[in-house]
4 protein chains.
Amino acid sequence: MTLPRAPRGRPRDSRAHQAILTAAAELVAELGYAATSIGAVAARAGVGKDTVYRRWSGKAELVYEAVFTGTEAAPVPDTGSLPGDLTALLEELVQEFSAPAAAAALPGLLADFAASPELQARIRSEFLAPAKAGLVELFERAVQRGEVDPGLPVDLVLDTLAGAIFFHVGLVGEQPSPRLATQLAALVGRGIESR
Amino acid sequence: MTLPRAPRGRPRDSRAHQAILTAAAELVAELGYAATSIGAVAARAGVGKDTVYRRWSGKAELVYEAVFTGTEAAPVPDTGSLPGDLTALLEELVQEFSAPAAAAALPGLLADFAASPELQARIRSEFLAPAKAGLVELFERAVQRGEVDPGLPVDLVLDTLAGAIFFHVGLVGEQPSPRLATQLAALVGRGIESR
Amino acid sequence: MTLPRAPRGRPRDSRAHQAILTAAAELVAELGYAATSIGAVAARAGVGKDTVYRRWSGKAELVYEAVFTGTEAAPVPDTGSLPGDLTALLEELVQEFSAPAAAAALPGLLADFAASPELQARIRSEFLAPAKAGLVELFERAVQRGEVDPGLPVDLVLDTLAGAIFFHVGLVGEQPSPRLATQLAALVGRGIESR
Amino acid sequence: MTLPRAPRGRPRDSRAHQAILTAAAELVAELGYAATSIGAVAARAGVGKDTVYRRWSGKAELVYEAVFTGTEAAPVPDTGSLPGDLTALLEELVQEFSAPAAAAALPGLLADFAASPELQARIRSEFLAPAKAGLVELFERAVQRGEVDPGLPVDLVLDTLAGAIFFHVGLVGEQPSPRLATQLAALVGRGIESR
DNA sequence: TATTAACCGAGACGGTACGTCCGGTCTTGGA
DNA sequence: TCCAAGACCGGACGTACCGTCTCGGTTAATA
């Protein structure tokens with residue numbers, strides 16, 4: 001157990017914290033991920049570079065938190081049918097991935113995460129694990145309704161959904177078609193339904 | 001018509017060209033994409049930096065050619081059935097994406113390509129367009145056999161297949177399961193077959 | 001009035017400052033001015049290149065300070081006679097110009113200074129102006145003793161003395177004859193004395 | 001003995017020779033010595049770089065010939081008196097040194113010559129030796145007229161005259177005062193006359 | 001109330017890579 | 001053998017960031 005470690009000295013300034021996140025999200029949206037530097041984020045936030053490094057280990061962690069942690073974890077959709085649930089889930093995912101800052105950050109972010117085992121583990125546990133849990137819940141209900149068979153390769157389905165959207169958003173660079181979620185839900189939904 | 005533009009002056013040395021590509025592929029496999037610098041590639045190839053910049057505009061273009069252009073364009077599979085064709089196609093794709101240098105390069109490469117409109121266009125026309133053409137051919141045969149309906153969203157299927165594999169390879173960082181191609185072919189194959 | 005401009009942030013490291021100057025002087029003496037690069041100076045000083053560029057705008061300014069600013073401004077000689085004063089002044093000047101680092105640096109330094117209006121102004125105000133002031137003082141005493149007439153072209157005399165020594169040292173490249181100062185003092189001294 | 005070595009193959013193109021010299025003089029006058037590169041000279045002359053290197057060993061030799069060899073060796077002045085001869089000689093020297101291309105080239109040229117023993121020797125033998133010969137001739141006449149004593153340190157006088165003008169032209173960067181030659185002739189003339 | 005520890009902004013630190021430029025050489029096809 | 005063109009290797013340039021460190025100064029909780 002880690003003791004709570006009663007904090008001594010001056011406590012961290014939460015306004016600085018927020019200012020850094022805001023500055024990071026803005027700069028990523030304006031300049032892109034690669035052209036966003038820690039120094040520039042600190043300068044825009046009116047903060048020293050150390051104040052950034054004291055809280056985040058690097059650009060990837062900072063931008064990840066700035067861009068993807070604002071989103072409230074939406075409840076797992078429950079529309080009563082697998083296609084409906086999938087469509088709802090994907091619409092959410094599409095929306096999250098195609099927000100300006102997110103779309104600008106995603107490819108670079110993924111590259112930095114992929115290059116570091118520690119970050120890879122973090123992304124798996126903090127981003128993919130909850131998503132997988134939601135997907136599992138959704139599938140369990142579909143199994144009970146007889147729509148899919150148990151034993152689905154959930155990881156594969158998750159990689160497929162996320163990968164499809166990422167590839168589309170990352171390599172097109174424009175707002176994704178509004179039908180993307182529907183089409184993808186249909187494609188994958190039929191791919192996994194029982195027969 | 002593009003004029004042949006009679007070449008003048010000393011022609012470019014094809015051994016230098018090849019040495020650079022080899023050095024780039026090796027360094028990416030050894031150090032990863034981010035830690036590979038143009039200067040280091042030039043040094044290992046025994047070449048001046050200018051000789052690299054004369055041929056490629058930057059790291060992304062160079063590594064892309066070094067890692068993905070060696071592969072011979074395999075013929076579109078024709079096994080007689082949609083699932084067979086898809087599986088064959090995906091096995092090829094999985095193999096190409098999970099070669100050591102390719103797996104090490106992919107995330108960073110995709111990030112750099114996504115960050116530049118010019119490179120984005122190149123990847124679309126040189127990598128995705130041929131793949132789409134192959135997929136179209138494959139689907140046309142499946143339509144004639146009655147396995148799928150005409151009017152498939154081929155782009156979406158392509159993004160789905162490539163995205164799924166990329167996401168899997170990029171975020172796991174290990175050799176992909178040998179069943180990946182089969183499972184994905186089954187998933188997507190069933191998703192698009194006519195009924 | 002220049003505001004004191006309260007310094008903020010980490011102060012500059014005076015050991016780095018000194019190490020750079022020492023390294024620059026050594027390299028100029030060893031390799032010559034042209035073969036001395038900022039990068040090599042930084043490396044020998046154990047310092048990043050930025051640390052050099054933060055203090056000096058280029059090689060000329062750095063080497064000038066490294067080679068000519070160590071010298072204490074010697075007091076204007078006062079031997080009681082014009083020939084004595086001139087000889088003493090010139091012996092000092094010869095000694096300063098023919099120190100190994102100075103002799104190696106002078107021609108290149110002069111070339112770089114001559115090529116830039118800003119540097120030209122600096123050399124005029126920081127090097128020539130004090131020398132001229134000393135010469136004026138020396139001449140004023142000689143005028144009072146009746147040795148020279150007032151209204152001497154001091155600038156011309158200064159250019160003549162410095163130019164003669166520079167030309168000799170720069171184009172011979174060896175230790176100047178010990179009689180150089182004496183001979184030159186005699187030549188110019190007689191040239192300006194009143195009759 | 002070196003044989004005349006009957007030339008074989010295509011003879012050198014003398015128009016190229018002249019075009020290179022002209023281009024070099026122009027570029028030095030326009031951009032200064034340091035900013036003039038062999039490549040740029042070749043390009044402006046419409047010539048390959050090798051054609052330059054085939055005739056000159058480097059920038060210093062080329063610019064020296066381009067800037068200082070056009071001048072016809074003026075005859076040694078013979079006005080009948082030492083002051084007159086000196087003034088005439090110096091007016092010529094001032095004019096030669098302060099021509100636009102010469103003034104722009106001199107400091108850099110001197111630096112490159114000083115940095116190389118071979119070039120130093122060339123400048124001594126090709127530039128200073130003839131000048132010294134002229135000075136000797138001039139002084140011999142003055143000795144016969146009883147104006148100066150034999151045994152003058154001719155080298156020192158030459159360094160003084162040339163150094164004074166060089167220092168003045170190089171560090172002022174403007175057209176020298178028209179009185180420069182007169183003043184300097186008076187100064188040095190009185191310095192060496194017999195009494 | 002005084003001490004102390006962690007915070008803060010600023011900016012210098014040693015390093016590394018960038019992409020450009022030039023030097024001097026070499027290699028084409030053609031004159 | 002020369003020529004124009006231009007590629008070759010090497011190396012310096014000056015800039016930008018990285019992540020760390022060092023200032024003077026601030027802000028609480030502890031003693």
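Order of the sequence lines sets the chain letters (A, B, ...), proteins ahead of strands, with each chain counted from 1.
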> Should C/Arg12 be listed as having a side-chain N or O under 4.0 Å from OP1 or OP2 of E/dG11?
Replying inline: no

> CG of B/Leu31 versus C1' of E/dA17: gap in Å, rounded?
Replying inline: 14 Å

>> Is it the case that the side chain of B/Lys49 and the backbone of B/Ala42 share a donor-acceptor pair, with hydrogens and angles ignored and the cut-off at 3.5 Å?
In response: no

> Does the side chain of B/Ser37 get closer than 4.0 angstrom to OP1 or OP2 of E/dT16 through an N or O atom?
Replying inline: no

> Rounded to whole angstroms, how far apart are CD1 on B/Ile20 and C1' on F/dA7?
Replying inline: 11 Å

> Does CZ belonging to A/Arg15 count more than 12 external heavy atoms closer than 6.0 Å?
Replying inline: no

> For B/Asp112 and E/dA17, what is the distance between atoms CG and C1' respectively, to the nearest whole Å?
Replying inline: 14 Å

> Counting N and O atoms only, with roles assigned by atom type, does the side chain of A/Ser14 sit under 3.5 Å from a partner on the main chain of A/His17, one being a donor and the other an acceptor?
Replying inline: no

> Going 5' to 3' along nucleotides 24-31 of chain E, which nucleotides have protein heavy atoms under 4.0 Å from the base (write B), which only from the sugar-phosphate (write S), and which from neither (write -)?
Replying inline: BBBBB-BB

> OP1 or OP2 of E/dC8 less than 4.0 angstrom from a side-chain nitrogen or oxygen of A/Arg54, does that happen here?
Replying inline: yes

> Any donor and acceptor pair, going by atom type alone, linking the side chain of B/Thr51 with main-chain N or O of B/Val47 inside 3.5 Å?
Replying inline: no

>> Please compare C/Ala35 and B/Ser14 by the position of their nearest nucleotide in DNA chain F and report the one closer to 5'.
In response: B/Ser14

> If you round to the nearest 0.5 Å, how far is NZ of D/Lys59 from CG of D/Leu109?
Replying inline: 9.5 Å

>> For E/dC7 and A/Thr51 - does any side-chain N or O of the residue sit under 4.0 Å from the phosphate oxygens OP1/OP2?
In response: no

> Rounded to whole angstroms, how far apart are CZ on D/Arg15 and C1' on F/dC2?
Replying inline: 13 Å

> Of B/His17 and D/Ala43, whose closest DNA chain F nucleotide lies nearer the 5' terminus?
Replying inline: D/Ala43

> Phosphate oxygens OP1/OP2 of F/dC3: is one of them under 4.0 Å from a side-chain N or O of D/Arg55?
Replying inline: yes

> Should the pair D/Arg55-D/Glu65 be classified as a salt bridge under the 4.0 Å nitrogen-to-oxygen rule?
Replying inline: no

> Nearest-Å distance, CD (A/Gln18) to C1' (E/dC8)?
Replying inline: 18 Å

>> So, taking the atom named OH in A/Tyr53 and the one named CD1 in A/Ile38, what distance separates them when rounded to the nearest 0.5 Å?
In response: 4.5 Å

